[in-house]
Amino acid sequence: MNEYRDSSGRKLTDYPRPSVAVDTAVLTLEPELGLAVLEVRRLKTAGWALPGTFLHPGETLAQAVDRSLREKANVRGLSPRQLRVFDDPARDDRGWVLSVAHVQVVRLDRLADRFAETTRLMPVDAPGRLPYDHADIIELAVSDVRAHYREKPDPDRLLGEEFTLRDLRLVHETVAGEPLQRDTFRRAMEPYLVPTGLRSARGRGRPAELFRRRE
């Protein structure tokens, strides 16, 4: 079989190629920190970073993300979605590296088994000093997640299947990082909710109506 050549007669191997990496912003709601991001301790140099790795031969991006989360944080079973390719040629001082950024929002208990000594949670608005463009990845991830939460009720299902409007609003406020006006929030979310006909028995006041997401 003839080796492929382009219109200039060059083979694919005649072109310099960047390395490809994945970096993942795993976000969660932490009672003391609010919306927080998972970080891992860097092994060869001091400091912290987003969990990430270089793409291995024969590996998909999703497989690389899964491997990086398992090996660097002991976080398993996630399926982060692609966010954007960060392709500034000067973004990485190790060489020409493209990073495919990913994001996922998870319940805090999904991170319960993370490595205690080599991982940490940091508030998204104060993630600490990070390498490369990891702070930019976090900023974009947060902006993307907040946009999703403005459109639909708890799209990442941080709450259970049934919840009160107050519970829903509190989750959305934590994601937004600011208080939300109650009536405005209710009007925005009600088209996507279905009353269950049941009421919450928690607390001393009048039981609150329970809702579920409209499928």
Side-chain angles (χ1 to χ4, degrees), residues 12 15-30 34-42 48-111 113-115 119-125 127-128 130-158 171-172 174-177 192 213 215:
L12 293 179
Y15 291 94
R17 305 180 186 183
S19 298
V20 178
V22 293
D23 292 299
T24 305
V26 178
L27 307 180
T28 190
L29 305 188
E30 205 281 335
L35 184 61
V37 61
L38 175 70
E39 297 177 359
V40 297
R41 189 184 298 278
R42 302 180 73 190
W48 299 82
L50 293 177
T53 189
F54 286 102
L55 186 69
H56 288 181
E59 192 175 44
T60 66
L61 293 170
Q63 289 169 339
V65 168
D66 179 71
R67 175 170 54 81
S68 70
L69 292 174
R70 285 188 289 104
E71 295 181 354
K72 296 190 175 182
N74 198 39
V75 172
R76 302 168 184 271
L78 304 190
S79 300
R81 56 185 171 82
Q82 290 185 26
L83 187 61
R84 204 194 86 190
V85 177
F86 283 73
D87 61 355
D88 184 341
R91 62 173 297 276
D92 193 320
D93 56 14
R94 297 169 297 181
W96 186 18
V97 180
L98 306 182
S99 175
V100 184
H102 291 68
V103 61
Q104 186 169 354
V105 185
V106 299
R107 293 171 57 100
L108 186 60
D109 58 13
R110 297 289 300 275
L111 307 179
D113 295 327
R114 63 188 175 91
F115 293 135
T119 68
R120 69 179 185 180
L121 293 174
M122 293 292 286
V124 295
D125 56 354
L130 302 175
Y132 318 127
D133 44 17
H134 286 194
D136 296 331
I137 292 175
I138 294 172
E139 183 178 355
L140 182 62
V142 170
S143 177
D144 180 82
V145 167
R146 285 174 173 168
H148 281 81
Y149 273 74
R150 284 193 294 268
E151 295 176 355
K152 293 290 181 66
D154 186 25
D156 294 299
R157 295 182 179 270
L158 300 175
V171 164
H172 279 245
T174 305
V175 171
Y192 306 102
R213 301 169 190 84
E215 301 298 336

- Message: Could you go through Leu29 and Leu35, starting from their C-alpha distance and side-chain angles, then the distance that decides it, and tell me whether this counts as side chain to side chain contact (heavy atoms under 4.5 Å, CB included)?
- Response: CA-CA 5 Å; Leu29 305 188; Leu35 184 61; 3.7 Å; yes
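- Minimum interatomic distance between Leu61 and Val22 (heavy atoms only, all atoms of both residues): CD2-CG1, 3.7 Å.
- Of the residues Leu69, Leu83, Leu78, Val65, the one that meets the side-chain contact (heavy atoms from CB on, under 4.5 Å) test with His102 is Val65.
- A donor and an acceptor atom, one from each side chain of Asp23 and Tyr132, are nowhere located under 3.5 Å apart.
- Rounded to the nearest 0.5 Å, atoms OG1 (Thr119) and CD (Glu39) are 10.0 Å apart.
- Applying the side chain to side chain donor-acceptor pair (under 3.5 Å) test to Ser68 and every residue at least two apart in sequence or in another chain returns nothing.
- Not counting sequence neighbours, the partners of Arg81 by the salt bridge (charged side-chain N to carboxylate O under 4.0 Å, His left out) test are Asp144.
- For the side chain to side chain donor-acceptor pair (under 3.5 Å) test, no residue two or more places apart in sequence or in another chain qualifies with Arg41.
- Under the 4.5 Å side-chain criterion, counting only non-hydrogen atoms from C-beta, Leu158 is in contact with Tyr149.
- Proximity of Leu27 to Val106: side-chain heavy atoms (C-beta onward) are nowhere separated by under 4.5 Å.
- At a threshold of 4.5 Å between non-hydrogen side-chain atoms, the residues Thr28 and Arg107 do not count as touching.
- Counting heavy atoms from C-beta outward, Thr53 and Glu71 have side chains that stay 4.5 Å or more apart.
- Residues that satisfy the side chain to side chain donor-acceptor pair (under 3.5 Å) test with Ser19, not counting sequence neighbours, are absent from this structure.
- Inter-residue side-chain proximity for Glu139 and Val142 is flagged as unmet; no heavy-atom pair is nearer than 4.5 Å.
- With sequence neighbours excluded, the residues forming a side chain to side chain donor-acceptor pair (under 3.5 Å) with Asn74 are Arg76, listed by chain and number.
- Identified under the salt bridge (Lys or Arg N to Asp or Glu O under 4.0 Å) test for residues 49-66, with sequence neighbours left out: Glu59-Arg67, Asp66-Arg70.
- You'll find the side chain of Pro127 reaches within 4.5 Å of the side chain of Ile138, heavy atoms only.
- Both cation-pi conditions hold for Arg84 and Phe86: the charged atom is under 6.0 angstrom from the six-membered ring centre and inside a 45 degree cone around its axis.
- Here Asp88 contributes atom CG and Ser99 contributes atom OG; the two are 12.0 Å apart, rounded to the nearest 0.5 Å.
- Val40 has its side chain out of reach of Leu50: every pair of non-hydrogen atoms, C-beta onward, lies at least 4.5 Å apart.
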